[in-house]
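To start, the structure itself, in structure tokens.
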Amino acid sequence: MEENKVIALISIVLSALYNMLYPHYLLFGLLIVVNVTDYVTALIGAFERKEQISIDKSIRGIARKINALFFVLIALIIDVIINNYFKTDNTFTFISSTVILWLVIHELLSIINNISNYNTENVPPAILKFLERFKNDGLR
């Protein structure tokens, strides 16, 4: 009986999350794809550089990606609160859209950085200069 309550609670939470994410299912899907791609390119880079892959570092990377998904959830909740306060029809999604796009751009930069760490010949020089400036400014 207790197991059914847990399954029901998980179903309710996932349904609510799906309804909140519905306006963003393409953006959120893109975020998941770039998250996975970033993780895979980091692993490939470690193999190419013949570095040992530690479980701790891998878990920290996955935890950062899950943490980013919590940022999306918080932004979605803020959008829902704003929509309820102003009595809109849930079309105002500026905050969550901005957060998702910011995370996608950050992941894309990380993917390019991962690729440039082990394969500089396929990355255009302008992007390599940008990545060097990006690293030197301490934004990463």
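Throughout, numbering of the chain's residues begins at 1 and tracks the sequence.
Residues Asn113 and Asn117 are in side-chain contact: their nearest non-hydrogen atoms beyond the backbone lie under 4.5 Å apart. Using a 4.5 Å heavy-atom threshold, the side chains of Leu31 and Leu69 count as touching. Residues Ile44 and Ile115 form no side-chain contact, since every pair of their non-hydrogen atoms from C-beta on lies 4.5 Å or further apart.
Side-chain atoms of Ser54 come within 3.5 Å of backbone N or O of Lys57 as a donor-acceptor pair. Listed for the Asn83 side chain is a donor-acceptor partner under 3.5 Å among the backbone atoms of Asp79.
Within the model, atoms CG of Asn35 and CD1 of Ile111 stand 8.5 Å from one another, a figure rounded to the nearest 0.5 Å. Distance check, rounded to the nearest 0.5 Å: CH2 of Trp102 to CD1 of Ile100 gives 12.5 Å. In this structure, the separation between OG on Ser96 and CG on Leu27 is 9.0 Å, given to the nearest 0.5 Å. For the atom pair Asn114 CG and Thr37 OG1, the distance stands at 10.5 Å (nearest 0.5 Å). Atom OG of Ser110 sits about 12.0 Å away from atom CG of Leu103, to the nearest 0.5 Å. Asn67 contributes atom CG, which lies 9.5 Å from atom CZ of Arg64 (distance to the nearest 0.5 angstrom).
Considering only residues two or more places apart in sequence or on other chains, Ile77 meets the side-chain contact (heavy atoms from CB on, under 4.5 Å) condition with Met20, Leu73, Ile81. A search for side-chain contact (heavy atoms from CB on, under 4.5 Å) contacts involving Tyr85 returns nothing, not counting sequence neighbours.
Annotation for Leu9: atom CG counts as buried by contact number, over 12 foreign heavy atoms lying within 6.0 Å.
Transitive grouping of hydrophobic side chains (ILVMFWY, heavy atoms separated by less than 4.5 Å) brings Ile95 and Ile74 into a common cluster. Two different hydrophobic clusters hold Ile12 and Val6 under the rule that ILVMFWY side chains link at heavy-atom gaps under 4.5 Å. Under the 4.5 Å side-chain heavy-atom criterion for Ile, Leu, Val, Met, Phe, Trp and Tyr, Tyr39 and Phe70 are members of the same hydrophobic cluster. Linking ILVMFWY side-chain heavy atoms closer than 4.5 Å, directly or via other members, places Val33 and Val72 in two distinct hydrophobic clusters. Both Ile53 and Ile62 belong to a single network of hydrophobic side chains, linked directly or stepwise wherever heavy atoms of I, L, V, M, F, W or Y lie under 4.5 Å apart.
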Worked verdict on Thr41 versus Tyr118 for side chain to side chain donor-acceptor pair (under 3.5 Å)
CA-CA 10 Å; Thr41 56; Tyr118 65 88; 6.0 Å; no
